[in-house]
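Written below as structure tokens is the structure these notes are about.
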Amino acid sequence: MNNSTIRVRFAPSPTGPLHIGGVRTALYNFLFARKTGGKVILRIEDTDQNRYVSNAESYIIESLNWCGIQFDEDPIKGGPYGPYRQSERKGLYRQYAETLVSRGFAYYAFDSELELEEMRDRLKHEDPSMAQYGPFTRLSMKNSLTLLAEVVQEKLSNCEPFVIRIKIPEKEDIIVHDLIRGEVVVHSHNLDDKVLFKSDGWPTYHLANIVDDHLMKISHVIRGEEWLPSAPLHVLLYRYLGWEAEMPAFAHLPLLLKPDGNGKLSKRDGDRLGFPVFPLQWEDLITREISSGYRESGYLPEAFINILAFLGWNPGTEKELFSMDELIEEFSLERVGRHGSKFDPEKAKWFNHHYIQRMAPEELSLLLTSQIVKHCLTTDPIYTARVCSLIRDRVTLIPDLWNNAWFFFKRPETYNEQVKQKIWKPETTQLVKGFAEEAGRLDVWNKEQLHGLVENYLFSMNAKMGQLMNPLRLLIIGDNQGPGMMETEELLGKEEVLARIRIGMEKING
RNA sequence: GGCCCGUUCGUCUAGGGGUUAGGACGUCAGGUUUUCAUCCUGGUAACAGCGGUUCGAUUCCGCUACGGGCUACCA
């Protein structure tokens, strides 16, 4: 196949937030298209009126945008094969269903919901494998195969509700060629007469999907494994519509699984296990329930992409850190695995830590500044950048920036009581007082001078490093953690350090 | 229940008829350090089971077990 004819699509349904499995599908489509010089299309499959969620489409687009997954054709910018929203293509689908009817590959069915239920209940006891609308049951139902032509005509002209069902062949092996799984053979006996066109005038996924993929000249269908069971139906549809020669190649991706236990990753797992399952925070407009997102939790989009890329794909080398450009360079469907992957939140954090470490202090400074502003404080960029280079090591997620740096922007209000109990000895007050006096006489205030001063002072007092530094740390930042004390003191400045020591001593000694 | 897909360290995975079965995350132990982290070094740990093919199987085939998906006028 000529690369210029490669066209893939990501076709989500706007029924709620896109979860990370969906983002990964979009990513693999994107990578495949960019790698091969083809095109990626975003198509919104909004044929289900009941499940439609109004803010879902914009959520999907914003999520993909945040990740850096761009489309060549989509509902916003359009393209040569638009529109790209199935709701805007509604008028198009019925003719194809009718074509199938006229060719004898589909038929009208008038059964009510109740009648369908009765049929399934009855057959479930006799032969569970037959409890479907298929080659044998269709003969006992109300449809254009069993009803007189005049009756069917009358029902149609009376606008009685009907659906159009595919007429699955009785005995036939249907072969699906899958780029990831090889040849999958399903006997038509196991397929049922799926509804192609619903009584509400909308096509089902199966019809709309095949029609649009064909009309949009899609060359490769890269989608989740949950679609594998309906792939034989899709093959049949291409055949019956006369499009088998241009049928796209299929690639069914393995699913993303829960980190613990079993089953595919779901919305609930995030809340339960404390990690986001959505790229962006999502608010359910009806329940007002909020689900956390990777963006809001402090992940970098580059890291997020890297994490997702490695859930089901690997380059075959030991390299694990990949930029989007590198992923495009290395990606291939051949290296996509066959089995589902359990999502590992710990490894996700590790990726993000790496990406944070790679950022320049000036870039981190921008992120920290926005947090500083949120706490109603101000700062200057140079000072903030210096703070960032000091604390970067201990930052994994963006909010860690503030959590590790706040004391560079305001004085501590409390002093960790546990730490105080542990390190504050009877002689500590004198030791600190003496140090503060000597520090006050220091002309040049930097970490080298401070270091010299501390060493001399400790020698003269016959004391150890920890005896002074731990109390000092408690006084200056209120806790027993953080970057090196000399560096911290240098950055804070002489006046501020001495002031904090004075205030802290008053509070601690009561 | 039926159909389909899958199964290498706890997790993500490499590999593939003969390997000390490799890497990463985690974990454990040391080291660095004024603290907490980071970081560095090292260790731990896997071919689901049973048959077959073969000189030889984790690798190929079959069965079983287990896991997953689908089984709607949802996608």
Side-chain angles (χ1 to χ4, degrees), chain A residues 11-15 45-48 50-51 109 111-113 116 120 124 127-133 161-165 176 178 180-181 184-187 189-192 194-206 208-209 224-232 252 254-255 257 259-264 307 310-321 335 337-351 353 357 391-396 400 404 419 423 451 454 458 464-474 477 479-486:
Chain A
S13 239
T15 54
E45 307 221 326
D46 51 351
T47 54
D48 186 348
N50 303 317
R51 292 210 305 156
D111 316 277
S112 69
E113 218 170 297
L116 288 171
R120 292 194 179 106
K124 221 171 261 175
D127 182 358
S129 68
M130 300 278 281
Q132 52 184 15
Y133 212 118
F162 71 94
V163 299
I164 296 176
R165 287 179 181 273
V176 179
D178 189 280
I180 292 170
R181 281 151 223 290
V184 177
V185 184
V186 179
H187 195 270
H189 179 259
N190 298 308
L191 265 31
D192 63 338
K194 278 269 177 305
V195 171
L196 302 177
F197 197 82
K198 299 183 272 188
S199 60
D200 63 3
W202 291 81
T204 59
Y205 167 86
H206 304 293
N209 189 264
E225 195 186 357
E226 70 267 30
W227 293 109
L228 193 51
S230 45
H252 288 95
L255 265 17
L257 275 16
D260 67 335
N262 309 308
K264 76 172 170 178
I307 292 162
F310 268 72
L311 254 21
W313 172 87
N314 76 81
T317 65
E318 282 172 6
K319 179 173 165 163
E320 285 197 288
L321 268 8
R335 295 212 62 88
R338 268 177 290 258
H339 59 270
S341 314
K342 286 185 184 167
F343 182 77
D344 182 356
E346 286 306 315
K347 186 134 190 189
K349 283 188 195 157
W350 173 81
F351 271 109
H353 181 259
Q357 302 315 306
I391 60 156
R392 183 174 56 187
D393 280 358
R394 59 202 75 218
V395 176
T396 294
D400 298 337
N404 285 286
V419 173
I423 64 165
H451 202 88
V454 166
L458 288 177
K464 290 223 168 59
M465 203 65 150
Q467 287 175 273
L468 175 64
M469 300 316 277
N470 291 333
L472 231 37
R473 183 181 297 278
L474 182 64
I477 74 166
D479 213 331
N480 69 337
Q481 51 187 295
M485 230 26 239
M486 312 300 178

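Letters A, B, ... are given to chains in the order of the sequence lines, protein chains preceding strands, and every chain is numbered from 1. Just so we're clear, the structure is a prediction, and the values are computed from it rather than from any experiment.
Counting any heavy atom pair closer than 4.0 Å across all strands shown, A:H206 reaches no nucleic acid atom. Across all strands, A:D111 comes closer than 4.0 Å to base atoms (heavy-atom distances). Within the 4.0 angstrom heavy-atom criterion, only backbone atoms of the sugar-phosphate kind lie near A:G312; the bases stay farther away. Residue contacts for A:V163: at a heavy-atom cut-off of 4.0 Å it reaches a base atom on one of the strands shown. Within the nucleic acid shown, A:P483 comes within 4.0 Å of at least one base atom, counting heavy atoms only. Using a 4.0 Å heavy-atom distance criterion, A:N480 is classed as a base contact. In this structure, A:W227 reaches the bases: a heavy-atom distance under 4.0 Å links it to at least one base atom across the strands shown. In this structure, A:T317 reaches neither bases nor backbone, as no heavy-atom distance under 4.0 Å exists between it and the strands shown.
Take A:E226 and apply the side-chain contact (heavy atoms from CB on, under 4.5 Å) test, not counting sequence neighbours, and it matches A:L255. Every residue meeting the side-chain contact (heavy atoms from CB on, under 4.5 Å) condition with A:A11, not counting sequence neighbours, appears here in chain and number order: A:R9, A:R43, A:E45.
Across the C1' atoms, B:U54 and B:C61 are found 12 Å apart, a figure rounded to whole Å. For the C1' atom pair drawn from B:C3 and B:G23, the interatomic distance equals 38 Å after rounding to whole Å. B:A75 and B:G69: their C1' atoms are spaced 14 Å apart (whole Å).
For the pair A:L257 CG and B:C12 P, the computed distance is 8 Å after rounding to whole Å. If you measure from atom CZ of A:R394 to atom C1' of B:C36, you get 6 Å, rounded to the nearest angstrom. A:W313 has its CH2 atom 17 Å from the P atom of B:A24, to the nearest Å. The nearest whole Å value for the distance from the CZ atom in A:F343 to the C1' atom in B:U11 is 11 Å. Separating the OH atom of A:Y205 from the C1' atom of B:A72 is a distance of 15 Å, rounded to the nearest angstrom. What separates CG of A:L196 from C1' of B:A75 is a distance of 15 Å, to the nearest Å. With rounding to whole Å, A:L255 atom CG is found 13 Å from B:G6 atom P. Between the C1' atom of B:A37 and the CE atom of A:M485 lies a distance of 15 Å, rounded to the nearest Å.
Picking from B:C12, B:C74, B:U34 the nucleotide with the shortest atom distance to the side chain of A:M465 gives B:U34. In the set B:C12, B:C5, B:G26, the nucleotide with an atom closest to the side chain of A:E346 is B:G26. Of the candidate nucleotides B:U38, B:G2, B:C5, B:G2 has the atom nearest to the side chain of A:N190. The side chain of A:V184 lies closest to B:C5, out of B:U34, B:C5, B:C73. The side chain of A:N470 lies closest to B:U34, out of B:A37, B:U34, B:C70. The side chain of A:P229 sits closest to B:C70 out of B:C4, B:G10, B:C70. The A:K194 side chain lies nearest to B:U71 when the options are B:C25, B:U71, B:U38.
B:G1: Watson-Crick or G-U partner is B:U71, with both key distances under 3.5 Å. Under the Watson-Crick or G-U wobble criterion, with both distances below 3.5 Å, B:A48 is paired with B:U64. Using Watson-Crick or G-U wobble geometry with both donor-acceptor distances under 3.5 Å, B:A14 finds no partner in any strand shown. Under the Watson-Crick and G-U wobble criteria, each requiring two contacts below 3.5 Å, nucleotide B:U53 is left unpaired. Pairing for B:C39 goes to B:G31, judged as Watson-Crick or G-U wobble with the two contacts each under 3.5 Å.
Between A:D111 and A:Y133 the shortest heavy-atom distance is OD2-OH, 2.6 Å. Shown here for A:L191 and A:Q132, the closest heavy-atom pair between the two residues is O-NE2, 3.3 Å. Here the closest non-hydrogen pair linking A:P483 and A:I391 is CG-CG2, 4.0 Å.
Place A:F310 and A:N404 on RNA chain B by their nearest nucleotides, and A:F310 ends up nearer the 5' end. With RNA chain B read from its 5' end, the first of the two nearest nucleotides for A:V186 and A:Q481 is the one closest to A:V186.
The side chain of A:T15 places no N or O atom within less than 4.0 Å of a non-bridging phosphate oxygen (OP1 or OP2) of B:C74. A:R338 has no side-chain polar atom (N or O) that falls below the 4.0 Å cut-off from OP1 or OP2 of B:U13. Close to B:C12, at under 4.0 Å from its OP1 or OP2, lies no side-chain N or O of A:H339. At B:C74, none of the side-chain N or O atoms of A:S13 fall inside 4.0 Å of OP1 or OP2 (strictly under the cut-off). Of the side-chain N and O atoms in A:K349, none sit less than 4.0 angstrom from OP1 or OP2 of B:A37. Listed pair A:R165 / B:C73 meets the phosphate criterion, a side-chain N or O lying under 4.0 Å from OP1 or OP2. Distances shown here put a side-chain N or O of A:K264 below 4.0 Å from the OP1 or OP2 atom of B:C70.
The pair A:K347-A:D344 does not meet the salt-bridge criterion, since no charged nitrogen lies less than 4.0 angstrom from a carboxylate oxygen.
Of the possible donor and acceptor atoms, one in the side chain of A:R335 sits under 3.5 Å from a partner among the backbone N and O of A:N314.
At a cut-off of 3.5 angstrom, the base of B:U34 holds at least one donor-acceptor pair with the side chain of A:R473. Remark: the A:R51 side chain and the B:C74 base include a donor-acceptor N/O pair separated by less than 3.5 Å.
A perpendicular orientation is assigned to the rings of A:W227 and A:H206, their planes being inclined by more than 60° (bins at 30° and 60°).
The CG atom of A:D48 sits 9.5 Å away from the CH2 atom of A:W202 when rounded to the nearest 0.5 Å.
Looking only at side-chain heavy atoms (C-beta outward), A:M465 and A:V454 come within less than 4.5 Å of each other. Contact of the A:T396 side chain with the A:W350 side chain is not registered, since no non-hydrogen atoms from C-beta on lie closer than 4.5 Å.
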Considering only nitrogen or oxygen atoms on both sides, find all protein atoms under 3.5 Å from nucleotides 21-23 of chain B and state each distance.
residue: B:G22; atom: O2'; partner: A:E318; partner atom: OE2; Å: 3.2
residue: B:G23; atom: O4'; partner: A:E318; partner atom: OE2; Å: 3.2

